[in-house]
Structures are given as C-alpha cells and as structure tokens.
**Student:** 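One structure, pasted below without further comment.
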Amino acid sequence: MNETEQELITMVLSGRAEAFEPLVTPYRGPILALAYRLTRDREDAREVAQEAFLKAFRSLGRFDLSRSFRNWLFQIAANEARDRLRRAKRERAAFEAAAREGIAAAPAPEAGRERRETRSGIMRALDALGRREREVFVLRDLQELDIRETARVLGCSSISVRVNLSSARRKIREAIRRDFPHLEEGR
Amino acid sequence: MTCRKLRKLMPLLAGDDLGPRRTRAVRAHVSACPACLRELEELREALSRFKAAAKDESVPDWSEGEWKALMVRAAGGTARDGEKKRAWGGHVLLPRWAAASALGALIGLVVLSVLFRGPGPGPAERPDPPLALADAGRAQDVVSMTMVSQETGLQIVWFFDKNFDYKGEQE
C-alpha cells in the first residue's frame, strides 16, 4: 500500500469522511468490473460494487495497514457478489418451485433481468465455470492478482486456488474451441 | 515426467503458476516433446487472446452523478455507523451463518442450564431438622427421608419414629 493511501485512511479514520473519495476513486472501475464478471449482470454488479464501497467505509477501522488496500476491496466485493448470487439462487429456486406448483407467482426479478441481458461472449464463457472457478479465474487471469493474493482475497488455500484455476482454464479452453474458434486460430 | 502427467499440469504451466521445482521438471519434458510443446503454446495463445478480449469488452461504469451519490451516502453513514461501533465495542462483520450459530448455541446453553440445573443447596446449608433431637437416645429412634427435586432443587425431609409412624416434615 502506498503512503498516500495510508494518509487518506488515517484522515478518514480521524473523521474526515471527504478523504474516502480520493482513496477509492482509483478502484471504482476495477471493483465494478470485478463485480460484473462475478455476478454476470450489470444491475447486480452495480449494487454489489456500491455495497462493497459502503462496507469498506464502515469497516475501514479494522483494515490492516500492512495489507494491500486494493486486495482488501476486492475481498469485500467478492464476498458481496457471492452473497448476492446465493440469494439470487434461493429466489430462483423458490420461483421455480412456485411455478411447478402452478402458483401464479410474479417472475423473480433476476430471471427477468437475465432474459433481458444481452450476454457478451466472454460472459457466456464464464457461465461455464463453477462459482469458485469463476472467482479464481477472474481474480487471477482478468484482475491479475497472483496466486497468494487470490487465495487471500477468497479466504482459501493456494492449493485450492491452483486446483480451481487449472479446471477453470481447461473449461475456458473448451469454450474457446467450441464458441470462439477465431480466438484459438488468432484471427 | 510423462505426457499424460504434463497435460494435467498444462493449464497452470500456461499461466506460469506452477512452483519452481515442477516448472523445471515440466520444461525438461516440453523441450524434448514437440507434441506437448505445441499444445502448451496453443493453450497459452488461446488464453491470452481470451484475456485480451475480456479486458476489451465493455464493462459497466459509474456515471459521475451515481458515483458522487455513493460517496455522499458513504460519508453520511459515518455518524450512524460510528455510534453503532461504539455501542458494540467495535464493528464486527460476521457472516449470517456465524451469527445464527452463535444465537443457536446461546439458546442451547440456556435450555441445557434449565434442564440440568443441579440440586439446590445441600442439607448442610439447611438448619438442623427440629426433630434431630438433642437427646441422643431418642434420636436413634428417628428415621428421616429426604426428597430432593431435580427440577427445582427443593428439599423435603420427612421424619418417622422407630415404628415408622410419620412424625413431621421440614422443607
């Protein structure tokens, strides 16, 4: 973490809330991109990123200054995205159960949003990955954290990161062969 | 190292994510195996193009108004959250399952303490029964029975004479 970040954190903690904006502005894009790649939904991503910044502000007093501030923000955003995906899964399951029973339920918001969303090819390829594989692939290969940083952000071991990364890259490779032959051929 | 083993490690090798010892072993194999080398290069190329495409794709961005509103919201939360922090002796971000487990454990402890509460104060803490007579000769003729409630710890002592006739009781 650089000195400016340390100074800004100290200022926020001493009650100067206006120092929070310059502290997090360099990460506004990366956090939103991370949230989007993990949730695969623009609206969800926006909400996840907002909640991550609000939580970061509230928890700043507990931030360990020896850590990387960027990775700490990534950790909060990844946790938030995971919670949101779990909630969405529960809502979808409840909606599908209601639909099976013939109950005239209002469509789950996620289901409608998913239909409306025009998924990019990249997002479709990421869909092929499991939750942990996607988290690991996005953090290591797209956000370019190293293995140890990725493990720390996700709160798991480096071995777990390697196992999931290996299987994620294998699946991405298959998706490239199947859906993006131009990427494989370099066209 | 065999080709089969190397192919298992290839996704990690492609991103230079193997440890130094394994990397050395793998490189030794690859330098002597054109088929593995070709496969590794193809994988590297494909992944690198995918990453480049992913980075180029349009991801959502904040509008200035939205970003400013978020910062104002964060700053506005200071006082409220600060009060909460002080009230709880520090802000603790617990996952919901942890909070639920802690609450469950607390309820369990309360229930167990009610169900398995030990007996109340022992007989030694009670005053001597009135019929534990000063006269030692007569005392030998007295029999007492003590009932202790496991639920409430309440004790009742019944006294009988040598013919087992009821002589009285004391709580």
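The chains referred to below are lettered A, B, ... by the order of the sequence lines, with proteins before strands, and numbering in each begins at 1.
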**Student:** Do Leu8(A) and Leu65(A) share a hydrophobic cluster, counting only Ile, Leu, Val, Met, Phe, Trp and Tyr and linking them when any side-chain heavy atoms are less than 4.5 Å apart?
**Tutor:** yes
**Student:** Apply side-chain contact (heavy atoms from CB on, under 4.5 Å) to Met10(B) and Arg169(A), showing your working.
**Tutor:** CA-CA 9 Å; Met10(B) 211 169 264; Arg169(A) 284 179 180 159; over 6 Å; no
**Student:** To the nearest 0.5 Å, what is the distance between CG on Leu32(A) and CD on Glu66(B)?
**Tutor:** 8.0 Å
**Student:** To check you understand the geometry: which heavy-atom pair defines the closest contact between Arg173(A) and Ala46(B), and what is its length?
**Tutor:** CD-CB, 4.3 Å
**Student:** Any link between Leu103(B) and Leu109(B) through a network of hydrophobic side chains (Ile, Leu, Val, Met, Phe, Trp, Tyr) touching at under 4.5 Å?
**Tutor:** no
**Student:** Quick one, Phe57(A) and Met71(B) - any side-chain contact, counting heavy atoms below 4.5 Å?
**Tutor:** no
**Student:** Look at atom CD1 of Ile159(A) and say whether more than 12 heavy atoms of other residues, nucleotides or ligands are closer to it than 6.0 Å.
**Tutor:** no
**Student:** Side-chain heavy atoms under 4.5 angstrom apart, residues restricted to Ile, Leu, Val, Met, Phe, Trp, Tyr: same cluster for Leu85(A) and Phe137(A)?
**Tutor:** no
**Student:** Just wondering, are more than 12 heavy atoms of other shown residues or ligands nearer than 6.0 Å to CZ in Arg22(B)?
**Tutor:** no
**Student:** Could you check which of Gly15(B), Ala14(B), Pro11(B), Ser48(B) has the highest count of heavy-atom pairs closer than 4.5 Å to chain A?
**Tutor:** Pro11(B)
**Student:** By a 4.5 Å heavy-atom criterion (distance strictly below it), what part of Ala49(A) contacts chain B: side chain, backbone, both, or neither?
**Tutor:** both
**Student:** Non-hydrogen atoms of chain B under 4.5 Å away: do they reach the side chain of Glu144(A), the backbone, both or neither?
**Tutor:** side chain
**Student:** Starting at CZ of Phe50(B), measure out to CD1 of Ile172(A) and round the result to the nearest 0.5 Å.
**Tutor:** 4.0 Å
**Student:** Any salt bridge linking Glu21(A) with Lys68(B)? Criterion: basic side-chain nitrogen under 4.0 Å from a carboxylate oxygen.
**Tutor:** yes
**Student:** Chain B heavy atoms under 4.5 Å from Val161(A): which part of the residue, side chain, backbone, both or neither?
**Tutor:** neither
**Student:** Taking 4.0 angstrom as the limit, do Glu64(B) and Arg28(A) come out as a salt bridge?
**Tutor:** yes
**Student:** Backbone N or O of Ala54(B) within a donor-acceptor pair of the Arg37(A) side chain at under 3.5 Å?
**Tutor:** yes
**Student:** Among Ile147(A), Asp141(A), Val24(A), Asp83(A), single out the residue with the greatest number of heavy-atom pairs under 4.5 Å to chain B.
**Tutor:** Asp141(A)
**Student:** Same cluster or not: are Tyr27(A) and Val48(A) linked, directly or through other Ile, Leu, Val, Met, Phe, Trp or Tyr residues, by side-chain heavy atoms under 4.5 angstrom apart?
**Tutor:** no
**Student:** So which part of Leu142(A) gets closer than 4.5 Å to some heavy atom of chain B, the side chain, the backbone, both or neither?
**Tutor:** both
**Student:** Give a yes or no on whether the backbone of Lys8(B) and the side-chain of Arg170(A) come within a donor-acceptor separation of less than 3.5 Å.
**Tutor:** yes
**Student:** Without swapping roles, check the side chain of Arg46(A) against the backbone of Asp61(B) for a donor-acceptor pair under 3.5 Å.
**Tutor:** yes
**Student:** Does atom CZ of Arg16(A) have more than 12 heavy-atom neighbours, drawn from other residues, nucleotides or ligands, at distances under 6.0 Å?
**Tutor:** no
**Student:** Indicate if Val163(A) and Leu139(A) have the same hydrophobic cluster label, given that clusters are the connected sets of ILVMFWY residues with side-chain heavy-atom separations under 4.5 angstrom.
**Tutor:** no
**Student:** Considering only heavy atoms, which portion of Ser167(A) lies under 4.5 Å from any heavy atom of chain B: side chain, backbone, both, or neither?
**Tutor:** neither
**Student:** Tell me, for Arg7(B) versus chain A, whether the close heavy atoms (under 4.5 Å) come from the side chain, the backbone, both or neither.
**Tutor:** backbone
**Student:** Would you indicate whether the side-chain heavy atoms of Asp146(A) and Asp17(B) approach each other to under 4.5 Å?
**Tutor:** no
